[in-house]
2 protein chains.
Amino acid sequence: MVKELVFGHQNPDTDAIDSAIEYSHLQNQLGMDTEAVALGEPNEETKFVLDHFQQPAPRVIQQAHDDVSAVMLVDHNEAQQSVADIDQVQVTHVVDHHRIANFETAAPLYYRAEPVGCTSTIIWKLYQEAGVEVTPTIAGLMLSAIISDTLLLKSPTTTDDDRQVVEKCAQIAHLDYQDYGLQMLKAGADISQKSAADLVDLDAKSFEMGGKTIRIAQINVVDLPAALQRQAEFQEAMANSCQSNNYDLFVLAITNVLDSDTTLLAHGTAELLSKVEGAFGKKFEQDQMALPGVVSRKKQIVPPLQNQF
Amino acid sequence: MVKELVFGHQNPDTDAIDSAIEYSHLQNQLGMDTEAVALGEPNEETKFVLDHFQQPAPRVIQQAHDDVSAVMLVDHNEAQQSVADIDQVQVTHVVDHHRIANFETAAPLYYRAEPVGCTSTIIWKLYQEAGVEVTPTIAGLMLSAIISDTLLLKSPTTTDDDRQVVEKCAQIAHLDYQDYGLQMLKAGADISQKSAADLVDLDAKSFEMGGKTIRIAQINVVDLPAALQRQAEFQEAMANSCQSNNYDLFVLAITNVLDSDTTLLAHGTAELLSKVEGAFGKKFEQDQMALPGVVSRKKQIVPPLQNQF
């Protein structure tokens, strides 16, 4: 049995960390030899979750091929969101709920994607299909990931599958998921102690669109006006990040997780900023674009940008 | 309910046609409005299958977007193997058992791939998971597709899953699958009435490798020496196809389905032909390369070429 690593995307969120732990546990129950690792330290929200369920944070790796020759990806597939040396290992399994892009293999593989709100929702199904028990701890991780990705089942990405899995996991984990979920989201939404540079990188992902490299970051807050008072800091942090990493455009979505509203900030040439305006059919005013009802990067921010570029 | 088309790859083989019929039937049972279509006429083997189970051949389409805005792909994912206007429709579902390449979506989708011998094996599982009955006709189509793709369970791509599904389908369809399978393979292996130009196009697929467009065709026969007497015709047909379609390299695998052996022919520059030799660690002798035990394009021909290019 050759060992494989299981990991989620760079700048891991709760689903990236939790689904790696859940999927590694499932594979090991099925006789594989896997280790859940991460491409970064857990954020404040994920730390709250791991503390609550007394799980150690997965080991952080910088590269994979010194350690293993094969890996399993959860919650992502695009190469630029994965481990730096992804092209030097074989991807044998993917479980994901995102679009497929910049992903290529030389050989057939196991790939399971569904357009649901959270990777952990799919992994719940894989447990059922394999007849493997979802323990209270695994149920707690799954429920936390789904609440995180769907902002307590309020994001438009939420499906009936996500709702049902949260209900079932809450029973197994003996949790009031509304109460627990609100505590969890608030734990991740306190940005007062973080620098703007850290915040714009915390949950940022890179996308290739129309030949441009676009960085899209999202910050969850509970007080949007307070966050926007730091606009100058965010603009500077985005400009620095574009210069250091050769991004053509940086889009920052600041999302109020309680009210389900987003304000966009952006950094790029006038031409690219006007493409962002075209994507959403709105103008930047004082360099801000209010997007009421928008909470999902995957469903409400990436597709219009993708269409425009 | 918006109608969607379901189809397999260009130059359809039995799995491409059968899995489209099977998956469309499943989706319709689940409340979707789909139609199984094909990107080409059925070959002799598939005609034998459709006749045996009294199924009409699916309608052949040249393009999709005049008809529908969304499609489901079976048995393929690479754009160059799909309908010509694949970039103008949304892909909502993929069920496949090949590598993933040249495939990109703007939005999340349902994607189910497993490294098994046949797409129909995966679709059998989807019927079980959805609790939809596999009728004797659907079972016969599934069994035929698996026997076709695995050359009666002898290809190295064959997995335990494929074997089990064939056994179960044989029970449902009341068939002796060994006897039926041999008849079916022989029906597809009579090449005497076909032109070399037709034969090199019959089960051909295009691949992008290292910036080169490589056409890889496979012909199933029961008498390899007789087929090789037509080598000059095949060389000319490959040369013509390269010129007409700007392929950099054409590789033709002639496979004896009874003995599980393959002889390769190829057309391309000396440099590219030597890369083919490098891929398999053998030389062309009299422009032929014997590959004993090789029967699977996907597992034994594409990966070594992919590695070499």
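Throughout, a chain's letter reflects where its sequence line sits, starting with A, and its residues are numbered from 1.
Looking at E129(B), the atoms closer than 4.5 Å to chain A (heavy atoms on both sides) all sit in the side chain, from C-beta outward. Contacts of A107(B) with chain A are made by backbone atoms alone, with heavy-atom separations under 4.5 Å and no side-chain atom involved.
With values rounded to the nearest 0.5 angstrom, N77(B) atom CG is found 10.0 Å from F103(A) atom CZ. Rounding to the nearest 0.5 angstrom, the gap separating the CG atom in L109(B) from the CD1 atom in I100(A) is 4.5 Å.
Within the 3.5 Å criterion, the main-chain N or O of R99(A) finds no donor-acceptor partner in the side chain of T105(B).
At a threshold of 4.5 Å between non-hydrogen side-chain atoms, the residues E78(A) and E104(B) do not count as touching.
Minimum interatomic distance between P303(A) and A106(B) (heavy atoms only, all atoms of both residues): CG-O, 4.2 Å.
With chain B as partner, the option from K125(A), E114(A), H93(A), Q128(A) having the largest number of non-hydrogen pairs under 4.5 angstrom is E114(A).
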